Protein chains: 2
Amino acid sequence: MSLYKIEINDFFTSAFSVDCVIFGYEDGEIKALLIQRGMEPFKHFWAIPGDLVYPNEDLPDAASRILHELTGLSDVEMHQSHTFGSPERHPQGRVITIAYFALIRITDFEIKASSWAEKAQWVSLNEIPALAFDHSTILSSTYELLKQKLTYEPICFELLPERFTLNELQQLYEYAFNTIMDKANFRKKIKPLHLTPLNERQKNVKHRPAKLFKFDQSEYLKSVQDDNYQFKM
Amino acid sequence: MSLYKIEINDFFTSAFSVDCVIFGYEDGEIKALLIQRGMEPFKHFWAIPGDLVYPNEDLPDAASRILHELTGLSDVEMHQSHTFGSPERHPQGRVITIAYFALIRITDFEIKASSWAEKAQWVSLNEIPALAFDHSTILSSTYELLKQKLTYEPICFELLPERFTLNELQQLYEYAFNTIMDKANFRKKIKPLHLTPLNERQKNVKHRPAKLFKFDQSEYLKSVQDDNYQFKM
DNA sequence: TGACTTATTGTAAAAATTACTATATTTAGT
DNA sequence: ACTAAATATAGTAATTTTTACAATAAGTCA
């Protein structure tokens, strides 16, 4: 490539990838789904599941395909996070990557490493090792985005089991925002969500079992439309 | 490219661009800075200023360079918006684009179309014509992002003149959120921002001129740190 | 049964929001 | 210089929301 005249074809020498930051919640901790790379570069490093996008593939399709190939997950609705494009971020050439993220219920899915992923595993956010490429940055900035969204969208329910106790819900927020909330006041705060109480209780606890609730998405969307309700944690 | 074996080099056939969505505020309306394209494709169409990124150029650098080349603007701090990557979005090949956005004071800058931009002009969001590529989508989703940010970050001051009246501030919010607010209550709401009152007043108005204020960013950041203050409109 | 633990409800004080009123200040016109 | 008009600015009281804390209920386990 000449310094003085850059041809149009000189631009078409880049690749791009998607990286799928999948969050789950287990044992009172938020975890990310990581894979261990089975090929160079960064062979044997832990990484966010991601790969190059086919030249004719749409980005959301690529995200679904790649997540499935590497971890076995399918039918996961992903949303866009940020894009990372430093020229030095990939040793093999110019590769910019678009991060996607999703929240899933860990127990609803079976993880199975395949393709070039040696392992696939949930890792607590407190125990993230050194990651390949700039994946540490991608993970942490996507987690910040998640925390931001938690404050104005009721997406926490995508992490919790379908039936949950109010305490479990509260603990999730306490973990994410690193605070302690008053139990009674927390319940008042989530009143407008109209969580559906079930005729079921917690099992195998050595104290009074709490009632189980579930979140009704359509009910929520209706109150957003009808009452102009705006969720705010 | 074979269907059965895709070589690594087959991936390095894409290009990417940045598009710079620049918002300003004038005559009580939010406007976007648009250019008229002087070359194919979409010649003579209006578009968000943007272009291809050099193979070794970092994304923020590219955004600054391209914005300057097309509109003459420099020293504009831009933030990332979303990335758009549909395979059909660019007629000349696979080009994904990373949208950036910035808020600026219209009067602080001089717009000058150059390079392949035939014109560069502020256009009210109410009067946006059909745009090149998928730029209509990029503009509207970036505006949604802006409105979201306006609710939890005091960035409105980047749009207003350095010295502004409280009414001007209120009108900006009323425009963005499409609501009407009570004047007295609005002032209470912004009390925690500790806007600095100046010994100056509005000029050339045919009624009692309002006092001018300015926003002290460092003061704000201090109260975020010290008092754990969280701005919320 | 009773001790224990946690769930759930309640209450009252404090703080923030809302709707509205009153007053002050400046311009423009007589 | 005075007055009317317009708007800035401050204040007030009712309402709602938030907060801190207390009381009660309902299970488990020995």
Side-chain angles (χ1 to χ4, degrees), chain A residues 27-28 150-152 154 160-161 163-175 177-215 223-224 227-233, chain B residues 27-28 150-152 154 156 160-161 163-175 177-215 223-224 226-233:
Chain A
D27 303 329
L150 279 173
T151 67
Y152 60 81
L160 290 172
R163 302 140 189 275
F164 52 86
T165 70
L166 299 183
N167 252 16
E168 287 169 349
L169 179 61
Q170 180 176 346
Q171 280 159 19
L172 172 51
Y173 278 111
E174 289 182 337
Y175 175 91
F177 301 148
N178 195 30
T179 52
I180 293 181
M181 303 176 185
D182 179 273
K183 202 184 287 196
N185 295 339
F186 179 78
R187 283 151 197 253
K188 285 174 206 157
K189 202 162 199 167
I190 59 170
K191 264 274 166 58
L193 285 175
H194 295 112
L195 299 176
T196 317
L198 303 171
N199 285 328
E200 258 183 294
R201 331 186 133 269
Q202 241 176 343
K203 292 238 164 60
N204 299 323
V205 288
K206 52 174 183 284
H207 54 74
R208 174 184 172 185
K211 191 185 284 186
L212 294 177
F213 289 79
K214 70 175 187 185
F215 172 64
S223 72
V224 168
D227 319 338
N228 223 26
Y229 165 64
Q230 165 70 32
F231 174 76
K232 181 80 187 61
M233 177 52 59
Chain B
D27 303 330
L150 278 173
T151 66
Y152 60 83
C156 48
L160 290 172
R163 305 139 187 273
F164 52 86
T165 70
L166 299 183
N167 251 16
E168 287 169 349
L169 180 60
Q170 180 176 346
Q171 279 159 18
L172 172 50
Y173 278 112
E174 289 182 336
Y175 176 92
F177 301 148
N178 195 29
T179 52
I180 294 181
M181 303 176 185
D182 180 273
K183 199 186 287 194
N185 295 338
F186 178 78
R187 282 149 199 252
K188 285 175 207 158
K189 201 161 200 169
I190 60 170
K191 265 274 166 56
L193 285 175
H194 295 111
L195 298 177
T196 317
L198 302 171
N199 286 327
E200 257 182 295
R201 325 186 138 273
Q202 241 176 343
K203 290 238 165 61
N204 299 323
V205 288
K206 51 172 181 280
H207 53 75
R208 174 183 173 184
K211 191 186 283 185
L212 294 177
F213 289 80
K214 70 175 187 185
F215 172 64
S223 72
V224 167
D226 299 352
D227 320 337
N228 221 27
Y229 165 64
Q230 164 70 33
F231 173 76
K232 181 81 183 61
M233 179 49 62

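Below, read A as the first sequence line, B as the second, and so on, with proteins coming before strands; counting in each chain starts at 1. Values in this document were obtained by computation on a predicted structure and should not be read as measured data.
- When rounded to the nearest whole Å, the span between CZ of A:Phe164 and P of C:dA7 equals 15 Å.
- Every residue two or more places apart in sequence or in another chain that forms a ring-ring contact (aromatic ring centres under 6.0 Å, His included) with B:Phe177 is listed here: B:Tyr173.
- Following rounding to the nearest Å, A:Gln230 (CD) and D:dT17 (C1') show an atom-to-atom distance of 16 Å.
- Summarising the geometry, the separation between CG on A:Asn204 and P on D:dG27 is reported as 16 Å, rounded to the nearest angstrom.
- One interatomic measurement links the two molecules: CZ of A:Phe186 to P of C:dA7, which rounds to 13 Å at whole-angstrom precision.
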Under 4.0 Å protein heavy-atom contact, by nucleotide of nucleotides 3-13 of chain D - B base, S sugar-phosphate only | ----BBBBBB-
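- Summarising the geometry, the separation between CD1 on B:Ile190 and C1' on C:dT18 is reported as 17 Å, rounded to the nearest angstrom.
- The side chain to side chain donor-acceptor pair (under 3.5 Å) test applied to A:Glu174 returns A:Gln170, not counting sequence neighbours.
- For B:Asn178, the CG atom sits in a loose shell: 12 or fewer heavy atoms of surrounding residues, nucleotides or ligands are nearer than 6.0 Å.
- With hydrogens and angles disregarded, a donor-acceptor distance shorter than 3.5 Å links the side chain of B:Arg201 to the backbone of B:Pro209.
- Atom CD1 of B:Ile180 and atom C1' of C:dA19 are 15 Å apart (whole Å).
- In this structure, B:Arg163 places its CZ atom where only 12 or fewer heavy-atom neighbours from other residues, nucleotides or ligands lie under 6.0 Å away.
- Of all the heavy atoms in A:Phe231 and A:Leu193, the pair that sits closest is CE1-CD1, 3.7 Å.
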